[in-house]
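Read through the structure below, which is laid out as structure tokens, and then see the notes.
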Amino acid sequence: MLKFLQIILSITVISLAGYGLITEDFKFQTYMMLFLGLTMLVMGLREFQKGQKGYGWLSIVVFIFILFVSIESFLLK
């Protein structure tokens, strides 16, 4: 289940990033960051399931940082 969710979130991030690069319109960049953070959260949860706590905690910390940055971007709009 988590692998499927990670694939869906990754495709969403790649699509939003590709849209921004092709059209040079970065209005969806904050959403891309939010989905990237959620992808990192899912990756961290998968690492915990595998028993690799170091990579799991690293992914969770990266998720918190990206979440903070995306919320800050939403507030600055």
Side-chain angles (χ1 to χ4, degrees):
M1 178 67 185
L2 286 177
K3 185 175 185 177
F4 178 72
L5 186 60
Q6 181 181 352
I7 291 170
I8 296 298
L9 289 171
S10 298
I11 290 171
T12 305
V13 170
I14 291 170
S15 300
L16 290 173
Y19 173 80
L21 286 173
I22 292 170
T23 64
E24 296 182 6
D25 181 17
F26 300 107
K27 64 182 173 184
F28 295 121
Q29 187 173 9
T30 54
Y31 297 110
M32 182 195 67
M33 292 296 291
L34 180 65
F35 285 116
L36 180 63
L38 292 173
T39 304
M40 293 304 296
L41 175 64
V42 171
M43 286 175 62
L45 294 175
R46 286 188 65 206
E47 292 298 323
F48 277 121
Q49 284 183 345
K50 291 179 188 176
Q52 297 181 351
K53 292 184 180 181
Y55 288 122
W57 282 115
L58 179 65
S59 296
I60 299 295
V61 169
V62 171
F63 159 70
I64 292 170
F65 176 73
I66 292 175
L67 183 68
F68 175 74
V69 169
S70 65
I71 289 173
E72 200 171 301
S73 296
F74 278 119
L75 294 177
L76 291 178
K77 276 189 169 182

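Since this is a predicted model, take the numbers as computed values, not measurements.
Put simply, the side chain of Lys3 reaches to within 4.5 Å of the side chain of Ile7, judged on heavy atoms. Counting only heavy atoms from C-beta outward, the side chains of Lys27 and Tyr19 approach each other to under 4.5 Å. Arg46 places none of its side-chain heavy atoms less than 4.5 Å from the side chain of Met43.
Heavy atoms from other residues, nucleotides or ligands lying under 6.0 Å from CZ of Phe65 number 12 at most. Residue Phe48 places its CZ atom among more than 12 non-hydrogen atoms of other residues, nucleotides or ligands, all under 6.0 Å distant. In Phe26, the CZ atom is crowded: over 12 heavy atoms of neighbouring residues, nucleotides or ligands sit closer than 6.0 Å.
Both Trp57 and Val42 are part of a single hydrophobic cluster, where members link through side-chain heavy atoms under 4.5 Å apart. By the rule that hydrophobic residues join a cluster once side-chain heavy atoms approach within less than 4.5 Å of another member, Ile71 and Met33 end up as members of one cluster. At a threshold of 4.5 Å between side-chain heavy atoms, the hydrophobic network of Ile, Leu, Val, Met, Phe, Trp and Tyr places Ile64 and Leu75 in one connected group. Hydrophobic clustering places Leu36 together with Phe74 (ILVMFWY residues linked when any side-chain heavy atoms are closer than 4.5 Å, directly or through intermediates). Each of Leu41 and Ile11 belongs to its own hydrophobic cluster when Ile, Leu, Val, Met, Phe, Trp and Tyr are linked at side-chain heavy-atom distances under 4.5 angstrom.
Residue Met40 holds its CE atom at 9.0 Å from CD of Gln6, rounded to the nearest 0.5 Å. One distance of note links NZ of Lys53 with CD1 of Ile60; it measures 13.0 Å at 0.5 Å rounding. Atom OG1 of Thr30 and atom CG of Leu16 lie 9.5 Å apart (nearest 0.5 Å). Leu2 contributes atom CG, which lies 6.0 Å from atom CG of Leu45 (distance to the nearest 0.5 angstrom). One distance of note links CZ of Phe35 with CG of Leu38; it measures 7.0 Å at 0.5 Å rounding.
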